[in-house]
Amino acid sequence: MDTQFLTRSEKNRIYRKTLKDRKRIVVKVGSSSLLHPETGRMDYHKIDILVRELSDLKNQGKEVILVSSGATAVGREALLSGSNFREIQEDSPITIKQACASVGQARLMMIYQKFFEDYNQIAGQVLMTKNTVTNNLSKYNLHNTFSELLKLGVIPIVNENDSVATYEYMVGDNDNLSAIVASLMEADLLILLSDVEGLFTDDPRKNPNAGFIEYVEKLDASMMGMGKESSGSSYGTGGMSTKLQAAWTATKSGCDMVIVNASDMKVIHDIVQGENRGTVFCADPDPDFDLVEYIEENV
Ligand code: GLU
């Protein structure tokens, strides 16, 4: 179809319908979407719906990879209530965060395993750092592991290996991490579940006139500037700038990406049904895009 005379909203409507056909889907969930904001404790209701949605995607015949944050936040909460640990401070040594992540990652997986089992799915854990992708051999191994897991019908659950990574080796945020996984595994769709609605022309928390953008056909340098640093939550690390970086990696690798508010996890179903939710960034494959080069220069 010749789309050059269509309005942006018509193009969006048509494009959204094509999302139904995406086969390999990466879903990223941030810490703030998994925890009760008032207490910092796990929101089992939301996690249950997330797992149900992903299990349903699997049952539709899709391949699913979950990138989940939460290790540090869940571990912090566990340690606060059960040991002589006081709190993570700005100037806490990295070992404190690593210890939190070590406790939290295990707990998080325990919860995911339990819920996925309820929906008759098998989940596996993949922990990685920036080095896993920039080193040729470990990148090859990572790719093989993902491929084997997907072939076996397993849902890989991915996080940064926070308990051993230090800043030099870290991707640092799971927006970028999920896009790296999507690119490496040639996924067709990346869904970033967030605490924001999607992309605005300016920070909507500060500028009430900021306009919402539902459809990005081609990401360009002017749009990359729309990213604001703040995430609006005390748990995750991803603000809009990391989401835009993720959009760059995903779309240049030929993967569509949607940023959407995860206050209701059922939104995953709506997106994959082609409904108009959040902001969609259309795949815009660039044969010159080199994942490792991009990571080394930008992440
Ligand atoms: N990997 C971190 C964690 O699980 C989260 C990073 C992020 O918030 O994006 O605690």
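When a ligand or atom number is given, it counts from 1 through the structure's own listing order.
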Could you say whether the N/O atoms of [X] and ligand 1 ever approach to under 3.5 Å?
{"X": "S31", "answer": "no"}
{"X": "D175", "answer": "no"}
{"X": "D162", "answer": "yes"}
{"X": "G70", "answer": "yes"}
{"X": "A71", "answer": "yes"}
{"X": "T72", "answer": "yes"}

D173 heavy atoms, cut-off 4.0 Å: which ligand 1 atoms fall inside? 9 (O)
Per-atom contacts of ligand 1 with S69, taking only distances under 4.0 Å to non-hydrogen atoms: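 Matching atoms, with element in brackets: 4 (O), 5 (C), 7 (C), 8 (O), 9 (O).
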Nearest heavy atom to atom 9 (O) of ligand 1: which of L177, N176, V67, N174 does it belong to? N174
In a table with atom names and distances, give each donor-acceptor pair under 3.5 Å that connects a side chain of residues 273-286 to protein atoms at least two apart or in another chain.
unit_1: E275; atom_1: OE1; unit_2: R277; atom_2: NH2; d: 3.1
unit_1: N276; atom_1: OD1; unit_2: N12; atom_2: ND2; d: 3.0
unit_1: N276; atom_1: OD1; unit_2: R16; atom_2: NH2; d: 3.3
unit_1: N276; atom_1: ND2; unit_2: E214; atom_2: OE1; d: 3.1
unit_1: R277; atom_1: NE; unit_2: D270; atom_2: OD2; d: 3.1
unit_1: R277; atom_1: NH2; unit_2: D270; atom_2: OD2; d: 3.2
unit_1: T279; atom_1: OG1; unit_2: L199; atom_2: N; d: 2.8
unit_1: T279; atom_1: OG1; unit_2: I213; atom_2: O; d: 2.6
unit_1: D284; atom_1: OD1; unit_2: K218; atom_2: NZ; d: 3.4
unit_1: D284; atom_1: OD2; unit_2: K218; atom_2: NZ; d: 3.1
unit_1: D284; atom_1: OD2; unit_2: K252; atom_2: NZ; d: 2.8
unit_1: D286; atom_1: OD1; unit_2: D288; atom_2: N; d: 2.8

Taking T129 as the fixed residue, which of T166, N161, V171 is the one that meets the side-chain contact (heavy atoms from CB on, under 4.5 Å) rule? N161
Under the side-chain contact (heavy atoms from CB on, under 4.5 Å) test against Y215, which residue among R13, R8, E10 passes? R8
Side-chain contact test, heavy atoms from C-beta onward, threshold under 4.5 Å: evaluate it for K46 versus L34 and give yes or no.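 No, every pair of side-chain atoms sits at 4.5 Å or beyond.
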Of D162, N159, D173, N174, the one forming a side chain to side chain donor-acceptor pair (under 3.5 Å) with S69 is N174
Would you mind writing out the side-chain donor-acceptor pairs for residues 88-103 within the sub-3.5 Å range, not counting sequence neighbours?
unit_1: S92; atom_1: OG; unit_2: Q89; atom_2: N; d: 2.6
unit_1: S92; atom_1: OG; unit_2: Q89; atom_2: O; d: 3.1
unit_1: Q98; atom_1: NE2; unit_2: A165; atom_2: O; d: 2.9

4.0 Å heavy-atom contact, G30 with ligand 1: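 No, G30 has no heavy atoms under 4.0 Å from ligand 1.
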Check: S31 side chain, G70 main-chain N or O, donor-acceptor pair, under 3.5 Å: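 Answer holds: yes.
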